[in-house]
Amino acid sequence: MKQPVILKGSHRSNGQSSQYIDQLVEELKKNEIYPQVYDINRLTVKPCIDCSVCSNSYGKCVHDDDMESVYEALRATDVLIVASPVYFNGITSKLKQLVDRCQMIFICDFKHGRPYVDNTVSETKQGYVISMGGANAYTDQFTGNALSLGLVFRNLRMPLTEHFTYAGTDHSEVLSRNEAKDDIEKIVQNLKDFYQRVGEK
Ligand SMILES: Cc1cc2nc3c(=O)[nH]c(=O)nc-3n(C[C@H](O)[C@H](O)[C@H](O)COP(=O)(O)O)c2cc1C
């Protein structure tokens, strides 16, 4: 099935990044691509407590919460799209909590020597980050997002295909910008080409 996984990371379920994703999902559906969308505000994801359960037992986490479903989705998908505003030069705290829980995925490799995900070459996967910063553009505004999320993609054996960044979102709406419309179109086209190339999973 053509099913990208999308994580909405804003603490506002109807904020700009969320609206951007809704628009993207609408366009994808027109092309018969049906993403599985997670809104961080609707998930219970407890913080990683560094308890070593994942070090002692392959693929296990001490917590029993919505991360179970996210782990499975991350394991199964070949396309991951993560949207996050910039909060204090990094991803949002709720999304960071989810990212830290990907330590279990890292430990599968690092401690157990067996990847959590299909260890195929990265050409068969695609990853996207969409970041929005309220302030006008400044140096390193999106670097924190790229670094934190970059590690998640690495652990998923997924390339960070593109990082779309939008500054000044507190001054103008992203979806009214031609740049954003073009970017959404580009993601849709990329995914259409991608699924055609790698076939349906
Ligand atoms: C706690 C908090 C911290 C923020 N820190 C930054 C920041 O460091 N840099 C920046 O450009 N914008 C910052 N912003 C502004 C948000 O990035 C901006 O409002 C963004 O559009 C929010 O995304 P959303 O509309 O998807 O909720 C911050 C906003 C909040 C609430």
Side-chain angles (χ1 to χ4, degrees), residues 1-10 13 15-40 42-43 59 66-85 91 95 98-99 102 105-106 108-109 114-132 142 145-166 173-201:
M1 201 161 111
K2 300 175 192 171
Q3 193 165 49
V5 170
I6 302 184
L7 299 177
K8 285 180 170 184
S10 173
S13 289
Q16 297 216 47
S17 55
S18 199
Q19 288 174 27
Y20 182 104
I21 292 298
D22 292 343
Q23 182 65 36
L24 172 64
V25 169
E26 206 177 299
E27 296 303 319
L28 287 171
K29 284 181 176 168
K30 283 184 199 159
N31 289 280
E32 296 177 347
I33 298 172
Y34 301 98
Q36 183 175 5
V37 182
Y38 290 96
D39 177 345
I40 199 73
R42 296 181 191 279
L43 296 176
D66 293 331
M67 199 59 198
E68 290 294 311
S69 150
V70 176
Y71 283 138
E72 280 314 311
L74 294 179
R75 179 180 237 167
T77 196
D78 37 23
V79 177
L80 174 64
I81 300 170
V82 186
S84 178
I91 57 174
L95 183 61
L98 184 152
V99 163
C102 293
I105 296 174
F106 167 72
C108 286
D109 263 333
R114 182 156 56 101
Y116 183 72
V117 295
D118 185 14
N119 194 15
T120 46
V121 287
S122 57
E123 290 83 64
T124 62
K125 295 177 183 172
Q126 287 200 351
Y128 296 89
V129 173
I130 289 136
S131 296
M132 299 193 182
F142 301 105
N145 288 26
L147 290 175
S148 287
L149 295 170
L151 282 185
V152 174
F153 287 102
R154 198 160 91 184
N155 285 302
L156 293 172
R157 303 285 204 275
M158 207 174 247
L160 179 43
T161 310
E162 200 142 349
H163 184 183
F164 295 99
T165 60
Y166 307 95
E173 284 195 14
V174 166
L175 278 182
S176 66
R177 303 180 195 175
N178 287 337
E179 176 201 6
K181 290 175 195 155
D182 291 348
D183 291 345
I184 288 175
E185 212 173 286
K186 184 174 178 190
I187 298 172
V188 172
Q189 190 58 49
N190 273 5
L191 294 191
K192 276 171 67 180
D193 294 345
F194 171 76
Y195 283 117
Q196 205 158 34
R197 196 172 69 246
V198 303
E200 293 192 19
K201 249 191 155 178

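None of the values given here were measured: they were computed from a predicted structure.
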So [Y] and [X], do their side chains get closer than 4.5 Å, heavy atoms only?
X      : Y      : value
Ile130 : Tyr166 : yes
Asp118 : Thr124 : no
Leu95  : Val82  : yes

Might you point out which heavy atoms bring [X] and [Y] nearest each other, and give the distance in Å?
X      : Y      : result
Val25  : Pro35  : CG2-CG, 4.1 Å
Val5   : Ala73  : CG2-O, 3.8 Å
Pro115 : Cys108 : C-CB, 4.4 Å

Inset, instruction - Show your reasoning for whether side-chain contact (heavy atoms from CB on, under 4.5 Å) applies to Val129 and Phe142. - result: CA-CA 10 Å; Val129 173; Phe142 301 105; over 6 Å; no
Only pairs under 3.5 Å count here: list side-chain donor-acceptor contacts from residues 185-192, not counting sequence neighbours, and write none if there are none.
unit_1: Lys186; atom_1: NZ; unit_2: Glu162; atom_2: OE1; d: 3.1
unit_1: Lys186; atom_1: NZ; unit_2: Glu162; atom_2: OE2; d: 2.9
unit_1: Gln189; atom_1: NE2; unit_2: Asp193; atom_2: OD1; d: 3.1
unit_1: Asn190; atom_1: ND2; unit_2: Tyr128; atom_2: OH; d: 3.0
unit_1: Lys192; atom_1: NZ; unit_2: Asn31; atom_2: OD1; d: 3.3

Could you give the distance from [atom1] ([X]) to [atom2] ([Y]), rounded to the nearest 0.5 Å?
X      : Y      : atom1 : atom2 : answer
Ile105 : Leu151 : CD1   : CG    : 12.0 Å
Ser10  : Gln19  : OG    : CD    : 10.0 Å
Ser84  : Ile40  : OG    : CD1   : 9.0 Å
Leu7   : Leu149 : CG    : CG    : 9.0 Å
Ile184 : Leu24  : CD1   : CG    : 6.0 Å
Asp78  : Leu156 : CG    : CG    : 11.5 Å

Inset, instruction - List in chain and number order the residues that pass salt bridge (charged side-chain N to carboxylate O under 4.0 Å, His left out) with Glu26, two or more places apart in sequence or in another chain; answer none if no residue qualifies. - result: none
Legend entry - Donor-acceptor contact present, side-chain Arg75 to main-chain Tyr116, <3.5 Å: yes
Inset, instruction - Mark yes or no for whether Ser18, through its side chain, and Ser13, through its backbone, hold a donor-acceptor pair below 3.5 Å. - result: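 Pair found, side chain donor or acceptor close to backbone of Ser13.
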Inset, instruction - Go through the structure and list residues passing side chain to side chain donor-acceptor pair (under 3.5 Å) with Ser131, not counting sequence neighbours. - result: Asn145, His163
Inset, instruction - List for me each residue that meets side chain to side chain donor-acceptor pair (under 3.5 Å) alongside Gln36, sequence neighbours excluded, and say none if there are none. - result: Tyr38
Inset, instruction - Using the salt bridge (charged side-chain N to carboxylate O under 4.0 Å, His left out) rule, take Arg157 and Asp109 through it: C-alpha gap first, then chi angles, then the decisive distance, then the call. - result: CA-CA 11 Å; Arg157 303 285 204 275; Asp109 263 333; 2.7 Å; yes
Inset, instruction - Any chance you could lay out the side-chain contact (heavy atoms from CB on, under 4.5 Å) test for Leu80 and Leu74, step after step, and finish with the verdict? - result: CA-CA 8 Å; Leu80 174 64; Leu74 294 179; 3.8 Å; yes
Inset, instruction - Output every pair passing salt bridge (charged side-chain N to carboxylate O under 4.0 Å, His left out) with a member in residues 173-183, not counting sequence neighbours, ordered by first then second residue. - result: none
Legend entry - Where at least one partner belongs to residues 29-40, residue pairs that pass salt bridge (charged side-chain N to carboxylate O under 4.0 Å, His left out), sequence neighbours excluded: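 For residues 29-40: Glu27-Lys30, Asp39-Arg42.
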Inset, instruction - Report yes if the distance between the aromatic ring centroids of Phe164 and Tyr20 is under 6.0 Å, otherwise no. - result: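 No, too far apart.
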Legend entry - Verdict with reasoning, Met67 to Leu98, per side-chain contact (heavy atoms from CB on, under 4.5 Å): CA-CA 7 Å; Met67 199 59 198; Leu98 184 152; 3.8 Å; yes
